[in-house]
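See below for the structure under consideration.
What's counted below: heavy atoms across the whole structure, side chains too, no hydrogens, waters or symmetry copies. The shown structure was predicted, so the numbers you read here are calculated from the model rather than taken from an experiment.
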Amino acid sequence: MTTTATATATNDNLLAEVSTIMQPLANHWPGNAEVGAWDFGFSVNGKPISVQPENSSQVYDYFQIELVGQSSLATIGNRAPAGYGLYVTYEAPTEPPAGLQLIAAKPDTTVASTTYDDTISWTATGSFGFSSDGGISVSFGGSKTMTHSTSTTVSDLQILNRSHVGPSAIGHWEYIVAAGSLEAQGATPLLAQMLLCRPHSADPLQIQVEVFAYFNNKGLSDNLNWTGLSQAVTGFNGDNLPPLENGNARIAMQYTLTIDAPPAPTAAS
(Lines give C-alpha, C1' and ligand atoms only; values in the text may rest on other atoms or scores of the structure.)
Protein backbone atom coordinates (compact mmCIF):
# COMPACT_ATOMS: atom_id res chain seq x y z
CA MET A 1 0.00 0.00 0.00
CA THR A 2 1.34 3.43 -0.94
CA THR A 3 0.79 6.37 1.38
CA THR A 4 1.51 10.04 0.85
CA ALA A 5 3.42 12.30 3.20
CA THR A 6 4.50 15.93 3.19
CA ALA A 7 8.07 16.15 4.36
CA THR A 8 11.21 18.23 4.52
CA ALA A 9 14.09 16.74 2.54
CA THR A 10 16.89 15.63 4.86
CA ASN A 11 19.64 15.75 2.25
CA ASP A 12 20.86 18.59 0.02
CA ASN A 13 21.12 16.09 -2.83
CA LEU A 14 17.58 15.29 -3.96
CA LEU A 15 18.62 12.03 -5.66
CA ALA A 16 19.76 10.67 -2.30
CA GLU A 17 16.11 10.76 -1.15
CA VAL A 18 14.63 8.86 -4.10
CA SER A 19 14.21 5.10 -4.32
CA THR A 20 16.16 3.52 -7.17
CA ILE A 21 14.34 1.42 -9.75
CA MET A 22 17.07 -1.07 -10.63
CA GLN A 23 16.93 -3.47 -13.59
CA PRO A 24 19.79 -5.85 -14.51
CA LEU A 25 20.95 -6.63 -18.05
CA ALA A 26 23.28 -9.56 -18.70
CA ASN A 27 24.17 -11.73 -21.65
CA HIS A 28 26.54 -14.53 -22.65
CA TRP A 29 26.91 -15.13 -26.38
CA PRO A 30 29.17 -18.16 -27.05
CA GLY A 31 30.65 -16.79 -30.27
CA ASN A 32 31.10 -18.51 -33.61
CA ALA A 33 33.94 -19.79 -35.79
CA GLU A 34 35.59 -16.36 -36.15
CA VAL A 35 34.27 -14.17 -33.35
CA GLY A 36 34.89 -14.95 -29.68
CA ALA A 37 32.38 -15.11 -26.86
CA TRP A 38 30.72 -11.85 -25.81
CA ASP A 39 29.76 -11.26 -22.18
CA PHE A 40 28.32 -8.19 -20.51
CA GLY A 41 26.46 -7.24 -17.36
CA PHE A 42 24.82 -3.92 -16.45
CA SER A 43 22.68 -2.40 -13.77
CA VAL A 44 20.21 0.12 -15.20
CA ASN A 45 19.30 2.43 -12.33
CA GLY A 46 16.38 4.85 -12.63
CA LYS A 47 15.25 7.60 -10.25
CA PRO A 48 11.98 9.40 -11.17
CA ILE A 49 11.12 12.79 -9.62
CA SER A 50 8.25 15.19 -10.35
CA VAL A 51 8.77 18.94 -10.18
CA GLN A 52 6.33 21.83 -10.15
CA PRO A 53 8.57 24.88 -10.69
CA GLU A 54 8.03 27.88 -8.46
CA ASN A 55 5.28 30.20 -9.75
CA SER A 56 4.15 27.66 -12.34
CA SER A 57 1.09 25.42 -12.67
CA GLN A 58 2.94 22.95 -14.93
CA VAL A 59 4.37 19.73 -13.49
CA TYR A 60 7.31 17.89 -15.07
CA ASP A 61 8.76 14.43 -14.61
CA TYR A 62 12.53 14.02 -14.44
CA PHE A 63 14.16 10.62 -14.89
CA GLN A 64 17.78 10.14 -13.90
CA ILE A 65 19.00 6.95 -15.60
CA GLU A 66 22.44 5.43 -15.12
CA LEU A 67 23.97 2.35 -16.76
CA VAL A 68 26.85 0.79 -14.83
CA GLY A 69 28.58 -2.41 -15.93
CA GLN A 70 31.20 -4.02 -18.10
CA SER A 71 31.60 -5.76 -21.45
CA SER A 72 34.16 -8.19 -22.86
CA LEU A 73 34.70 -9.83 -26.25
CA ALA A 74 37.09 -12.79 -26.50
CA THR A 75 39.81 -12.69 -29.16
CA ILE A 76 39.91 -15.09 -32.09
CA GLY A 77 42.73 -14.37 -34.54
CA ASN A 78 42.90 -10.63 -35.21
CA ARG A 79 39.38 -9.95 -33.94
CA ALA A 80 40.15 -8.32 -30.62
CA PRO A 81 37.44 -5.86 -29.53
CA ALA A 82 37.69 -2.43 -31.15
CA GLY A 83 35.27 -1.07 -28.59
CA TYR A 84 31.74 -1.10 -27.20
CA GLY A 85 28.64 1.04 -27.42
CA LEU A 86 25.54 1.98 -25.42
CA TYR A 87 22.42 3.40 -27.05
CA VAL A 88 19.22 4.51 -25.28
CA THR A 89 16.13 5.23 -27.33
CA TYR A 90 12.35 4.71 -27.13
CA GLU A 91 9.52 2.67 -28.57
CA ALA A 92 8.41 5.42 -30.97
CA PRO A 93 9.64 4.53 -34.47
CA THR A 94 11.71 7.65 -35.17
CA GLU A 95 11.40 10.14 -32.32
CA PRO A 96 10.97 10.02 -28.54
CA PRO A 97 7.46 10.48 -27.09
CA ALA A 98 6.00 13.98 -27.43
CA GLY A 99 7.48 16.42 -24.94
CA LEU A 100 10.39 14.22 -23.84
CA GLN A 101 13.77 16.00 -23.71
CA LEU A 102 17.30 14.98 -22.81
CA ILE A 103 18.67 17.53 -20.35
CA ALA A 104 22.17 16.04 -19.96
CA ALA A 105 24.16 12.99 -21.04
CA LYS A 106 27.48 12.03 -19.47
CA PRO A 107 30.32 11.13 -19.77
CA ASP A 108 31.54 13.68 -22.26
CA THR A 109 33.85 12.86 -25.15
CA THR A 110 37.35 12.08 -23.87
CA VAL A 111 40.72 11.16 -25.37
CA ALA A 112 42.74 8.16 -24.13
CA SER A 113 41.66 8.36 -20.49
CA THR A 114 42.73 6.23 -17.54
CA THR A 115 39.81 7.44 -15.38
CA TYR A 116 36.43 8.88 -16.26
CA ASP A 117 33.12 9.73 -14.57
CA ASP A 118 29.51 10.45 -15.51
CA THR A 119 28.75 13.43 -13.24
CA ILE A 120 25.36 15.14 -13.66
CA SER A 121 24.09 18.06 -11.57
CA TRP A 122 20.84 20.05 -11.90
CA THR A 123 19.05 22.48 -9.53
CA ALA A 124 15.39 23.54 -9.35
CA THR A 125 13.12 25.51 -7.03
CA GLY A 126 9.50 24.52 -6.49
CA SER A 127 7.57 21.48 -5.27
CA PHE A 128 8.93 17.93 -5.68
CA GLY A 129 7.32 14.51 -5.61
CA PHE A 130 8.92 11.07 -5.51
CA SER A 131 8.66 7.61 -3.94
CA SER A 132 10.96 6.83 -1.04
CA ASP A 133 11.90 3.48 0.46
CA GLY A 134 8.87 1.62 1.81
CA GLY A 135 6.54 2.86 -0.93
CA ILE A 136 5.83 6.23 0.69
CA SER A 137 5.15 9.09 -1.73
CA VAL A 138 6.91 12.18 -0.42
CA SER A 139 6.25 15.79 -1.39
CA PHE A 140 8.06 18.94 -0.30
CA GLY A 141 9.06 22.37 -1.55
CA GLY A 142 12.16 24.54 -1.71
CA SER A 143 15.32 24.62 -3.79
CA LYS A 144 17.10 21.32 -4.39
CA THR A 145 19.93 19.90 -6.47
CA MET A 146 19.96 16.56 -8.27
CA THR A 147 23.53 15.38 -8.46
CA HIS A 148 25.11 11.99 -9.03
CA SER A 149 28.53 10.77 -10.12
CA THR A 150 30.17 7.39 -10.63
CA SER A 151 33.83 7.04 -11.61
CA THR A 152 35.94 4.16 -12.86
CA THR A 153 39.56 3.38 -13.73
CA VAL A 154 40.58 1.94 -17.10
CA SER A 155 43.88 1.22 -18.83
CA ASP A 156 43.29 3.18 -22.05
CA LEU A 157 39.82 4.10 -23.26
CA GLN A 158 38.54 6.86 -25.53
CA ILE A 159 34.89 7.89 -25.17
CA LEU A 160 32.80 9.40 -27.93
CA ASN A 161 29.54 10.98 -26.73
CA ARG A 162 27.12 10.96 -29.68
CA SER A 163 24.00 11.74 -27.61
CA HIS A 164 21.30 14.12 -28.89
CA VAL A 165 20.66 16.58 -26.07
CA GLY A 166 17.31 18.28 -26.58
CA PRO A 167 14.04 17.05 -28.11
CA SER A 168 15.74 14.14 -29.96
CA ALA A 169 16.56 12.77 -26.48
CA ILE A 170 18.86 9.94 -27.62
CA GLY A 171 21.63 8.68 -25.34
CA HIS A 172 24.54 7.28 -27.37
CA TRP A 173 28.13 6.52 -26.36
CA GLU A 174 31.00 4.68 -28.01
CA TYR A 175 33.94 3.38 -25.95
CA ILE A 176 37.04 2.92 -28.11
CA VAL A 177 39.47 0.30 -26.78
CA ALA A 178 43.20 0.76 -27.40
CA ALA A 179 44.85 -2.22 -29.10
CA GLY A 180 46.89 -4.24 -26.63
CA SER A 181 45.38 -2.54 -23.57
CA LEU A 182 44.00 -4.41 -20.57
CA GLU A 183 40.51 -3.56 -21.83
CA ALA A 184 41.25 -5.31 -25.15
CA GLN A 185 42.28 -8.43 -23.23
CA GLY A 186 39.51 -8.49 -20.63
CA ALA A 187 36.43 -6.68 -19.38
CA THR A 188 35.97 -2.96 -20.06
CA PRO A 189 34.04 -0.98 -17.40
CA LEU A 190 31.32 1.19 -18.96
CA LEU A 191 29.36 4.09 -17.44
CA ALA A 192 26.62 6.27 -18.89
CA GLN A 193 24.11 8.63 -17.30
CA MET A 194 21.13 10.59 -18.62
CA LEU A 195 18.70 13.15 -17.22
CA LEU A 196 15.37 13.19 -19.07
CA CYS A 197 12.38 15.53 -18.67
CA ARG A 198 8.76 15.33 -19.87
CA PRO A 199 5.39 16.90 -18.97
CA HIS A 200 3.98 14.98 -16.00
CA SER A 201 2.16 11.75 -16.82
CA ALA A 202 1.00 8.71 -14.88
CA ASP A 203 2.31 6.54 -17.72
CA PRO A 204 5.64 4.78 -17.20
CA LEU A 205 8.67 5.77 -19.27
CA GLN A 206 9.61 2.97 -21.65
CA ILE A 207 13.18 2.94 -22.93
CA GLN A 208 15.08 0.65 -25.25
CA VAL A 209 18.70 -0.06 -24.31
CA GLU A 210 21.10 -1.47 -26.91
CA VAL A 211 24.53 -2.81 -26.02
CA PHE A 212 27.08 -3.09 -28.86
CA ALA A 213 30.44 -4.77 -29.41
CA TYR A 214 32.68 -3.79 -32.36
CA PHE A 215 35.53 -5.80 -33.92
CA ASN A 216 37.63 -5.97 -37.09
CA ASN A 217 35.60 -7.13 -40.08
CA LYS A 218 38.60 -7.68 -42.38
CA GLY A 219 38.22 -11.08 -44.07
CA LEU A 220 35.09 -11.92 -42.10
CA SER A 221 33.38 -14.93 -43.66
CA ASP A 222 29.84 -14.95 -44.98
CA ASN A 223 27.16 -17.20 -43.47
CA LEU A 224 28.56 -17.22 -39.94
CA ASN A 225 26.19 -18.27 -37.15
CA TRP A 226 24.89 -15.18 -35.32
CA THR A 227 22.16 -17.04 -33.40
CA GLY A 228 21.45 -15.54 -29.98
CA LEU A 229 22.05 -11.90 -30.95
CA SER A 230 19.54 -9.12 -31.60
CA GLN A 231 21.69 -7.74 -34.40
CA ALA A 232 24.83 -8.56 -36.41
CA VAL A 233 26.12 -5.96 -38.89
CA THR A 234 29.22 -7.31 -40.60
CA GLY A 235 30.45 -4.02 -42.04
CA PHE A 236 29.82 -0.30 -42.43
CA ASN A 237 30.49 1.76 -45.54
CA GLY A 238 30.32 5.47 -46.19
CA ASP A 239 32.18 8.71 -45.67
CA ASN A 240 32.78 10.38 -42.31
CA LEU A 241 31.88 7.37 -40.19
CA PRO A 242 32.55 7.50 -36.44
CA PRO A 243 35.70 5.60 -35.40
CA LEU A 244 34.03 2.38 -34.26
CA GLU A 245 31.92 2.14 -37.40
CA ASN A 246 34.84 2.65 -39.78
CA GLY A 247 36.10 -0.74 -40.96
CA ASN A 248 34.48 -2.75 -38.17
CA ALA A 249 31.59 -5.13 -37.64
CA ARG A 250 29.02 -4.75 -34.85
CA ILE A 251 26.94 -7.15 -32.81
CA ALA A 252 24.17 -6.00 -30.47
CA MET A 253 21.60 -6.97 -27.88
CA GLN A 254 18.42 -4.94 -27.35
CA TYR A 255 16.27 -4.66 -24.22
CA THR A 256 13.02 -2.82 -23.47
CA LEU A 257 12.77 -1.51 -19.91
CA THR A 258 10.04 0.35 -18.02
CA ILE A 259 10.52 3.01 -15.34
CA ASP A 260 7.46 3.95 -13.28
CA ALA A 261 6.29 7.54 -13.28
CA PRO A 262 6.83 9.58 -10.11
CA PRO A 263 3.84 10.80 -8.08
CA ALA A 264 2.97 14.45 -8.61
CA PRO A 265 3.82 16.86 -5.79
CA THR A 266 0.88 17.27 -3.43
CA ALA A 267 1.28 21.02 -3.89
CA ALA A 268 0.57 20.65 -7.61
CA SER A 269 -2.60 22.29 -8.87
(message) Quick check for you: to the nearest 0.5 Å, what is the distance between Ile170 atom CD1 and Thr89 atom OG1?
(response) 3.5 Å
(message) Angle between ring planes, Tyr214 versus Phe236, binned at 30° and 60°: parallel, tilted or perpendicular?
(response) tilted
(message) Between Thr188 and Pro81, is there a side-chain heavy-atom distance shorter than 4.5 Å?
(response) no
(message) How close do Trp122 and Val51 get, counting heavy atoms only, and between which atoms?
(response) CH2-CG2, 4.0 Å
(message) Keeping Thr109 on the side-chain end and Asn161 on the backbone end, is there a donor-acceptor pair under 3.5 Å?
(response) yes
(request) Supply the atom-to-atom distance Ser201 OG to Leu100 CG, rounded to the nearest 0.5 angstrom. (result) 11.0 Å
(request) Any chance you could measure Gln101, atom CD, to Tyr60, atom OH, to the nearest 0.5 Å? (result) 9.5 Å
(request) For Ser181 and Ala178, indicate whether the former's side chain and the latter's backbone hold a donor-acceptor pair under 3.5 Å. (result) yes
(message) Please determine whether residues Leu220 and Ile76 belong to a single hydrophobic cluster, defined as Ile, Leu, Val, Met, Phe, Trp and Tyr linked transitively by side-chain heavy-atom distances below 4.5 Å.
(response) no
(request) Would you name the heavy atoms of Asp260 and Pro204 that are closest together and state the gap between them? (result) CA-CB, 4.2 Å
(request) Any chance you could lay out the side-chain contact (heavy atoms from CB on, under 4.5 Å) test for Leu73 and Val35, step after step, and finish with the verdict? (result) CA-CA 8 Å; Leu73 184 70; Val35 182; 4.2 Å; yes
(message) Using 0.5 Å steps for rounding, measure from the OG atom of Ser71 to the CG atom of Asp39.
(response) 8.0 Å
(message) For Arg198, is there any backbone N or O sitting under 3.5 Å from a side-chain donor or acceptor partner on Asp61?
(response) no
(message) Quick check: do Gln64 and Gln193 have side-chain heavy atoms less than 4.5 Å from each other?
(response) yes
(request) Please confirm whether the backbone N or O of Gly129 pairs with a side-chain atom of Ser50, one donor and one acceptor, at under 3.5 Å? (result) yes
(message) Same cluster or not: Ile207 versus Met22, using hydrophobic residues (I, L, V, M, F, W, Y) connected whenever any side-chain heavy atoms lie under 4.5 Å apart?
(response) no
(message) How close do Ser113 and Val154 get, counting heavy atoms only, and between which atoms?
(response) O-CG2, 3.2 Å
(message) Within the 4.5 Å heavy-atom criterion, are Pro48 and Phe130 side-chain neighbours or not?
(response) no
(message) Could you check whether any side-chain heavy atom of Tyr175 comes within less than 4.5 Å of a side-chain heavy atom of Leu86, counting everything from C-beta outward?
(response) yes
(message) Checking Trp173 against Leu67 for the side-chain contact (heavy atoms from CB on, under 4.5 Å) test, could you report, in this order, the C-alpha distance in whole Å, the side-chain angles of both residues, the deciding distance, and whether it holds?
(response) CA-CA 11 Å; Trp173 296 264; Leu67 292 83; 5.6 Å; no
(message) Is there a side-chain contact (heavy atoms from CB on, under 4.5 Å) between Leu157 and Val177? Walk through the geometry before answering.
(response) CA-CA 5 Å; Leu157 191 71; Val177 175; 4.0 Å; yes
(request) Give, for atom CG of Asn216 and atom CD of Glu34, the distance between the pair rounded to the nearest 0.5 Å. (result) 11.0 Å
(request) Would you kindly confirm whether Tyr87 and Leu229 end up in one hydrophobic cluster when ILVMFWY residues are joined by side chain heavy atoms under 4.5 Å apart? (result) yes
(request) Examine distances only and state if a side-chain atom of Asn32 and a backbone atom of Asn225 form a donor-acceptor pair shorter than 3.5 Å. (result) yes
(request) Pick out which of Thr147, Leu14, Thr145 makes a side-chain contact (heavy atoms from CB on, under 4.5 Å) with Thr123. (result) Thr145
(request) Might you point out which heavy atoms bring Gln70 and Phe42 nearest each other, and give the distance in Å? (result) O-CE1, 4.0 Å
(message) Against the six-membered ring of Phe215, is Arg79 placed for a cation-pi contact (under 6.0 Å from the centre, within 45° of the normal)?
(response) no
(request) Check whether any side-chain N or O of Gln231 sits under 3.5 Å from a backbone N or O of Arg250 as a donor-acceptor pair, and report yes or no. (result) no
(request) Using modelled atom types only, decide if a donor and an acceptor are shared between the side chain of Asp118 and the backbone of Thr150 within a distance under 3.5 Å. (result) yes
(message) In this structure, would Leu160 and Val165 fall into the same cluster of hydrophobic residues linked by side-chain contacts under 4.5 Å?
(response) no
(request) Answer yes or no: is there a side-chain heavy-atom contact under 4.5 Å between Val211 and Tyr84? (result) no
(message) Is there a side-chain contact between Gln206 and Thr256 in this structure, where contact means two heavy atoms from C-beta onward sitting under 4.5 Å apart?
(response) yes
(message) Nearest 0.5 Å, please: how far is NZ in Lys106 from CG in Asp117?
(response) 9.0 Å
(message) Do Gln254 and Val209 have side chains that approach each other closer than 4.5 Å (heavy atoms only, starting at C-beta)?
(response) no
(request) Look at Glu245 together with Arg162 and state whether they make a salt bridge at an N to O cut-off of under 4.0 Å. (result) yes
(message) Check the orientation of Phe40 and Trp38. Use parallel for under 30°, tilted for 30 to 60°, and perpendicular for over 60°.
(response) tilted
(request) Consider only side-chain N and O atoms of Glu66 and His148, and report whether a donor and an acceptor are under 3.5 Å apart. (result) yes
(request) Provide the closest heavy-atom pair for Ile176 versus Pro243 in the form atom of the first, atom of the second, distance. (result) CD1-CB, 3.8 Å
(request) Locate the shortest heavy-atom distance separating Val111 from Gln158; write the atom from each residue and the value. (result) CA-CG, 4.0 Å
(request) State, yes or no, whether a side-chain contact exists between Pro263 and Ser131 at a heavy-atom distance under 4.5 Å. (result) yes
(message) side-chain contact (heavy atoms from CB on, under 4.5 Å) for Leu224 and Thr234? Distances and angles first, verdict last.
(response) CA-CA 10 Å; Leu224 290 170; Thr234 55; over 6 Å; no
